[in-house]
Every structure is written in C-alpha cells, then in structure tokens.
Amino acid sequence: MAEILRTPDGGVNLARWRAAAPGVAARLAGWFDGARRDLPWRRHRTPWRTWVSEVMLQQTQVAKVVPYFERFCAAWPDVADLAAAPLEPVLKAWEGLGYYARARNLHRAARVVAERHGGRVPDDLDALLALPGLGPYTARAVLSLGFDRPVAVVDGNVGRVLARLAAVDRPLRPGADPEIFRLAEVLLDRAAPRRHNEALMELGALVCRPGRPACGACPLSPVCLARRRGRAADLP
DNA sequence: GTCCGGTCAG
DNA sequence: CTGACCGGAC
Ligand code: SF4
C-alpha cells in the first residue's frame with residue numbers, strides 16, 4: 001500500500017498525493033483547530049505584522065521572538081511607521097536577536113514600500129521578492145499568511161514534514177527542493193491557504209520535530225509513509 | 001564543541 | 001555556488 005504513493009522510480013507520486021490532498025488537508029485542519037498556539041502575530045494578523053514576525057522567526061525561536069515582536073510592533077505598528085523611523089532605534093530594538101542585517105533590511109524595505117508601493121505591503125510575489133530581506137520563503141509566507149493567498153510555503157520545518165510524509169529518502173536540497181515544493185503545491189488547500197500553511201508549520205514545530213517526531217499524536221500518521229515504514233526519525 | 005537556519009554578498 | 005551572519009539547542 002505504501003508503494004502506491006510512489007512512482008516506479010521511487011519519486012513522489014504527485015498524482016496519488018493530489019487525490020489524497022483533501023483528506024490530508026482535513027486531518028491537518030482538524031488537528032490545528034485544537035492545537036494552534038495563541039501567538040501575538042496570529043491574534044492580530046496583518047501583512048505587516050506577518051512580515052515582521054516571519055523575519056524575526058527566520059533564525060530565532062518562537063519563545064524568544066514573542067517579546068521582541070510585541071515591542072517592535074508597539075513602536076512601529078505599520079510599515080509606514082518603520083519607514084519614517086531612523087535606523088538606530090530599530091537596531092536597538094533588535095539587540096539580542098542576532099543577525100542584525102535582518103533589521104537593516106527590514107528598515108530599508110519599509111522605506112521602499114513607502115516610496116514605491118504607497119505605504120502598503122505589496123500582495124505580489126515579485127514585488128515582495130524585490131524587497132531586501134525577503135527571499136523565497138519569507139515572500140511566500142507574507143503572501144500566504146498575511147494575505148491568505150494560495151501559495152506554497154516551504155521552510156525547514158515544512159520541508160521535513162513533507163519529506164517524511166512522502167518518505168523522500170535523500171538529503172533535501174537546501175532552499176526549495178523542487179520535488180518537495182511540488183508536493184507542497186499539490187497538497188495546498190486552496191480554499192484556506194493561510195490555515196493550511198500555518199498548520200503545516202505548527203505540525204513541524206510541535207509534532208513532526210527534527211529529533212523525535214511524536215507520530216502517536218500526529219493527525220497525518222494514518223497516511224504518512226515514513227511512519228508506515230518506521231523511518232520517521234531518520235528521514236530529513 | 002557541532003549543527004542549524006533564510007538571505008545576501010562575493 | 002560558498003561562506004558569513006548570530007544565538008541557541010544538542
Ligand atoms: S506520522 Fe510522524 S513522521 Fe509522519 S508526519 Fe506525523 S510526526 Fe511526522
């Protein structure tokens with residue numbers, strides 16, 4: 001039965017996953033409704049707050065980000081506020097988070113948005129990718145989580161979840177592994193993309209963790225190939 | 001001590 | 001493409 005979800009050459013059988021996608025999305029959504037953490041950027045979701053949170057979360061853990069995020073958004077509640085601010089207090093607010101180029105880029109990008117996008121976070125992938133500090137992951141996260149647009153979002157967590165789900169038994173290509181990205185697109189719930197992507201990321205953070213995945217508590221375990229093969233912990 | 005992570009400059 | 005950026009988890 002496991003083999004039915006793979007092609008003869010061992011690759012991911014996208015056609016089969018396409019057929020399984022509604023069930024996968026429903027399991028994921030049902031779990032997420034009860035498991036989602038109450039985080040400040042979720043409590044009050046806007047494109048700007050999504051952007052700030054995702055940049056902070058790129059290389060910093062949730063628990064550490066929360067107080068920084070609260071202070072940052074209190075000081076600069078919208079992109080126009082940051083654009084109007086001098087750089088020094090922005091760097092000051094970032095102290096302790098590390099990767100200070102993120103703060104400089106965010107500040108520069110806010111000014112670009114003010115000057116070239118009328119002070120509105122653009123809801124366009126190419127425009128987002130052109131902003132400093134927004135790469136393939138963060139641009140898509142802003143689109144999907146901030147604007148609820150149907151785009152696949154694959155960070156390290158989601159890549160690992162999907163690789164296990166489809167038992168992709170090889171090192172993932174850094175950045176967007178093409179096969180994993182295609183799988184993410186096939187599984188995407190286009191009727192509720194924000195919830196779907198948040199749920200995938202939450203599953204990677206809380207259940208399908210790098211070290212010891214909690215398959216017993218996982219909503220996807222009935223359809224997970226790594227689980228079926230007892231390989232969950234040693235796949236990417 | 002080693003590894004990890006998105007993005008960017010080189 | 002590779003290495004640098006930083007701090008935390010292991
Ligand atoms: S069943 Fe286990 S390996 Fe598969 S997605 Fe869930 S936690 Fe990850």
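Quick caveat, the model's predicted, so the values are computed rather than measured. Below, each value reflects all heavy atoms present in this structure, side chains not excepted, and no hydrogens, waters or symmetry copies. Chain naming here is simple, since letters A, B, ... match the order of the sequence lines and numbering starts at 1 in each.
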Spacing between [X] atom [atom1] and [N] atom [atom2], to the nearest angstrom:
X	N	atom1	atom2	answer
A:Tyr68	C:dG7	OH	C1'	10 Å
A:Asn105	B:dC8	CG	P	6 Å
A:Asp177	B:dG6	CG	C1'	16 Å
A:Asn157	C:dA9	CG	P	15 Å
A:Gln58	C:dG8	CD	C1'	17 Å
A:Leu172	B:dG5	CG	C1'	14 Å
A:Ile180	B:dG6	CD1	P	14 Å
A:His107	B:dC8	NE2	P	17 Å

Can you tell me if CZ on A:Arg45 sees more than 12 non-hydrogen neighbours from other groups inside 6.0 Å?
yes
Check whether the ring centres of A:Trp41 and A:Phe69 lie less than 6.0 Å apart, and answer yes or no.
yes
So, does [X] get its side chain near the phosphate of [N], meaning an N or O under 4.0 Å from OP1 or OP2?
X	N	answer
A:Lys64	C:dG7	no
A:Tyr100	C:dG7	yes
A:Thr138	B:dT7	yes

Checking all strands, does [X] fall into the base, sugar-phosphate, or nothing category for heavy-atom contacts under 4.0 angstrom?
X	result
A:Gly211	nothing
A:Gln59	base
A:Pro136	sugar-phosphate
A:Pro174	nothing
A:Leu131	sugar-phosphate

Between A:Arg195 (side chain) and A:Ala29 (backbone), is there a donor-acceptor pair under 3.5 Å?
no
Just by modelled atom types, is the A:Leu14 backbone N or O under 3.5 Å from a matching donor or acceptor in the A:Arg182 side chain?
no
Any chance you could lay out the side-chain contact (heavy atoms from CB on, under 4.5 Å) test for A:Leu200 and A:Val153, step after step, and finish with the verdict?
CA-CA 9 Å; A:Leu200 266 182; A:Val153 182; over 6 Å; no
Should the side chain of A:Tyr99 and the base of C:dG7 be counted as holding a donor-acceptor pair, with the cut-off at 3.5 Å?
no
Sorted by position of nearest nucleotide on DNA chain C, 5' first, the leading residue of A:Arg212 and A:Gly96 is A:Gly96
Between A:Leu97 and A:Arg173, which is nearer to the 5' end of DNA chain C once each is assigned its nearest nucleotide?
A:Arg173
